[in-house]
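Have a look at the structure below before the remarks.
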Amino acid sequence: MFFPSASDFAPRNLPTAPLAPRVVKVKPSPAPVAYQAPRKLPTYRVTATVYMADARQTDSDPLITADNSRIPRRATSKIRWMALSRDLLDKWGGPFSYGDSVQVRGVSPELDGVYVIHDTMNRRFKRGIDLLVAKHEDIYGRWGNVRISPVPKRPAVIPQWQAS
C-alpha cells in the first residue's frame, strides 16, 4: 500500500501570488420598497348573471370548472367563484386569466365583492360574467351595467439575508 509523504505535497517551483489583503466594498442592502397599487385600474362594463353547479346549466360534469378546479358539493355564493365570457379571458385575447381576482360592483350588496375566475361561459355570451351560487339560495337574475376591475397582485416579500 502506498502512503504519500510530506515531500509529495511540497511546492515544485510554482509561481506564487502575493497574499496582500484586498479592499472590498460592501453594498448596503436596499431599503424595502413600500407596495403601491396602480393609480387607475381598468374597469370593464359587463352583464352579470348567476349560475349553479347543475348539469342543466353547465356541461355533463358540473363540479369541474374550466381550469380543472373542483366545486365543493355544498358550495354557496360565499366561496366567490365566477365564470367569465371568452372575450375577456387571455386565452382568447382578453385581459384576464384563470386564477385572477376581480372586483365586482353593481350587482347587489350581497353579491358585490372580490371573485376568483375559475370557469368560462358558453361562447355565445360576450362581455359577461356568471357568479356561482348554490341551488338552495334563491338568487336569480340578470344585471346590466356591472363594473369589474382586476385586483392588483401584491408583490412577494423576498426575505433578506442577515448575519447572525
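Because the structure is predicted, anything quoted here is derived from the model rather than measured.
No continuous path of ILVMFWY side-chain contacts below 4.5 Å connects Met82 to Val151, so the two sit in separate hydrophobic clusters. Val114 and Trp143 fall into different hydrophobic clusters, where Ile, Leu, Val, Met, Phe, Trp and Tyr residues are linked whenever their side-chain heavy atoms come under 4.5 Å apart, directly or through other members. A continuous path of hydrophobic side-chain contacts links Val46 to Ile139 [ILVMFWY only; heavy atoms under 4.5 Å].
Nearest heavy atom pair, residue Ala48 against residue Val146, reads CB-CG2, 3.8 Å. Shown here for Arg80 and Glu110, the closest heavy-atom pair between the two residues is NH2-O, 3.1 Å. The two residues Thr43 and Ser149 make their nearest non-hydrogen contact at OG1-CB, 4.1 Å. Scanning both residues, Pro150 and Pro42, for their nearest heavy atoms gives CD-O, 3.3 Å.
Applying the 6.0 Å contact sphere to CZ of Arg70 captures no more than 12 heavy atoms from other residues, nucleotides or ligands. Atom NZ of Lys91 has 12 or fewer heavy atoms from other residues, nucleotides or ligands within 6.0 Å.
To the nearest 0.5 angstrom, Met121 atom CE is 12.5 Å from Arg127 atom CZ. A distance of 13.5 Å separates CZ in Arg123 from CG in Asp87, rounded to the nearest 0.5 Å. In this structure, CD1 in Ile148 is found 12.5 Å from CG in Leu41, a value given to the nearest 0.5 Å. Distance check: Ser101 OG to Ile117 CD1 gives 8.0 Å after rounding to the nearest 0.5 Å. For the atom pair CD1 of Ile129 and CG of Asp119, the computed distance is 13.0 Å after rounding to the nearest 0.5 Å. A distance of 6.5 Å separates OG1 of Thr49 from CZ of Phe125, quoted to the nearest 0.5 Å.
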Are Leu132 and Ile71 close enough, and set up right, to give a side-chain contact (heavy atoms from CB on, under 4.5 Å), and what steps lead you there? CA-CA 10 Å; Leu132 179 66; Ile71 299 173; 3.9 Å; yes
Test log, rule side-chain contact (heavy atoms from CB on, under 4.5 Å), inputs Asp130 and Val50: CA-CA 5 Å; Asp130 246 351; Val50 295; 5.7 Å; no
For Val133 and Tyr51: C-alpha separation, side-chain torsions, deciding distance, then whether side-chain contact (heavy atoms from CB on, under 4.5 Å) applies. CA-CA 6 Å; Val133 297; Tyr51 81 104; over 6 Å; no
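The side-chain hydrogen bond (donor to acceptor under 3.5 Å, both in side chains) test applied to Gln103 returns no partner, not counting sequence neighbours. Scanning for ring-ring contact (aromatic ring centres under 6.0 Å, His included) contacts around Phe96 gives Tyr44, with sequence neighbours left out.
With hydrogens and angles disregarded, a donor-acceptor distance shorter than 3.5 Å links the side chain of Ser85 to the backbone of Gly128. Between the Thr65 side chain and the His118 main chain, a donor and an acceptor come within less than 3.5 Å of each other. Side chain of Asp112 to main chain of Pro109: no donor-acceptor pair is present (N/O by atom type, distance under 3.5 Å, no hydrogens or angles).
The closest side-chain heavy-atom distance from Val116 to Asp100 is not below 4.5 Å. Residues Thr47 and Arg142 meet the side-chain proximity criterion, which asks for heavy atoms closer than 4.5 Å.
Side-chain atoms of Thr120 and Tyr98 form a donor-acceptor pair, as typed in the model, at a separation below 3.5 Å.
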